[in-house]
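Encoded as structure tokens, the structure appears first; notes follow it.
Convention: sequence-line order gives letters A, B, ...; per-chain numbering from 1.
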Amino acid sequence: MFLIKNEYFKGSQFLKAKYLMNCEVSLILDRKYEQLQQMSDDPSNQVSQVFEKSLQYVKRFSRYTNPDAVRQLCVLGNLCPLTVEEATLIVLSIKTRGRSHEDEDISKMLDDLNLIKKFE
Amino acid sequence: MFFHIVLERNMLLHPRHFGPHLRDKLVAKLMKDVEGTCSGRHGFVVAITGVESVGKGMIRDGTGFVSFPVKYQCVVFRPFKGEVLEAVVTMVNKMGFFAEAGPVQIFVSNHLIPDDMEFQSGDIPNYTTSDGAIKIQKDTEVRLKLIGTRLDATEIFCIGTIKEDYLGVINDPGAAV
């Protein structure tokens, strides 16, 4: 989860709030739904319409479905690695799984992330 | 956008619930009261993820109720002006179209739809470009920018636009590629 200050969000509660990506929300709501299923036989009776709509929405618009990918994305965002080597050490599957990802692409991605950080 | 924040609330509990499962009953009541509600300040509370702390209960004078200050973490959905987000079209008419992003409804007026898109009425009302390449109808996914949010005490309603760069249809189920 990203913890960033942003002038958009006035109101002290949102300064300390953590932004959530749709895929993270999808994982959270799934786990909640399972908990409800374990507790009673008919969870769809108990969840509110807001919950249902939000769950449908995040499932539809999640770009990353693999929970491991989501975790790796968060790690990259939190740690802000500067070089390709650092990134590959932190997140091994960048190199091993995506052979199509050239080093140039990865370093470009890291540069973009650093730019965002600079313009905070 | 979804956020994970800590909120606080004073929960009133009837004495019949006092006993060994007091805390469980308190958490259950909290979830029933708060989940699914909307406040203008925090947005829609989608789900409570955990209870941080439960303060000491204060007995109310006059009634036997006890009020507990509860701090809890929850996932909320709060739209902001200027935010770009993706939504699903739910209704199209000649004034514009309605779209839904999670629990919140967004209206895009026809003034904020690009000029080359025209309204076509019929069985499936839609907005189409003059060459028919892009179509906005029910269930189309669009990326829009919120230009206004109206926050009541209990409701949030938004106005959006697709008249800027990189906004508009993302994925069109109706059109052939």
Side-chain angles (χ1 to χ4, degrees), chain A residues 1-40 42-64 70-71 73-74 77-78 116, chain B residues 1-8 24 28 31-50 71 73-88 90 99-106 139-143 146 149 151 154-156 170-171 173:
Chain A
M1 291 175 217
F2 297 90
L3 181 64
I4 314 172
K5 280 202 276 212
N6 190 313
E7 63 197 29
Y8 264 163
F9 307 114
K10 303 181 182 126
S12 55
Q13 273 165 334
F14 283 103
L15 282 179
K16 289 179 243 151
K18 298 184 175 144
Y19 303 176
L20 289 179
M21 288 171 59
N22 286 346
C23 30
E24 294 169 308
V25 180
S26 159
L27 291 176
I28 295 177
L29 294 187
D30 273 341
R31 222 185 305 158
K32 180 103 192 179
Y33 200 68
E34 277 170 20
Q35 270 180 3
L36 282 174
Q37 267 176 341
Q38 283 172 357
M39 283 186 346
S40 84
D42 187 13
S44 45
N45 225 354
Q46 297 185 354
V47 292
S48 58
Q49 212 193 23
V50 167
F51 185 92
E52 286 282 351
K53 284 197 172 167
S54 304
L55 187 55
Q56 278 171 20
Y57 175 71
V58 295
K59 280 207 178 313
R60 191 163 178 172
F61 290 108
S62 280
R63 303 269 172 230
Y64 312 101
V70 172
R71 255 173 246 139
L73 220 88
C74 292
N78 282 341
I116 296 177
Chain B
M1 211 190 298
F2 288 95
F3 295 90
H4 195 220
I5 59 175
V6 176
L7 292 178
E8 189 168 345
D24 295 335
M31 292 179 60
K32 206 164 63 122
D33 276 357
V34 166
E35 271 188 7
T37 58
C38 170
S39 83
R41 228 167 123 211
H42 308 121
F44 289 90
V45 177
V46 176
I48 295 181
T49 51
K71 272 207 184 130
Q73 294 174 338
C74 52
V75 175
V76 297
F77 183 78
R78 218 274 203 189
F80 281 91
K81 183 173 156 176
E83 185 183 340
V84 177
L85 48 73
E86 296 168 344
V88 178
T90 51
E100 248 180 34
V104 78
Q105 272 232 346
I106 307 162
D139 227 35
T140 311
E141 296 174 6
V142 289
R143 183 172 295 161
L146 298 182
T149 53
L151 310 158
T154 53
E155 225 193 353
I156 303 185
I170 320 166
N171 184 11

Problem set entry | Min side-chain heavy-atom separation A/Leu55-A/Lys32 under 4.5 Å | no
Exercise. Given the options B/Ala101, B/Cys38, B/Ala47, which has more heavy-atom pairs under 4.5 Å with chain A than any of the others?
Worked result: B/Ala101
Exercise. Of the listed residues (B/Thr49, B/Ile48, B/Thr37, B/Val45), which shares the most heavy-atom pairs with chain A below a 4.5 Å separation?
Worked result: B/Ile48
Problem set entry | Side chain, backbone, both or neither of B/Val104 within contact of chain A (heavy atoms, under 4.5 Å) | neither
For this session: Flag the pair B/Ile156 / B/Pro79 as yes when at least one side-chain heavy-atom distance between them is below 4.5 Å, and no otherwise.
Result: yes
Exercise. B/Glu83 side chain to B/Met1 main-chain N or O, any donor-acceptor pair under 3.5 Å?
Worked result: yes
Exercise. Is any side-chain heavy atom of B/Phe80 closer than 4.5 Å to a side-chain heavy atom of B/Thr149?
Worked result: no
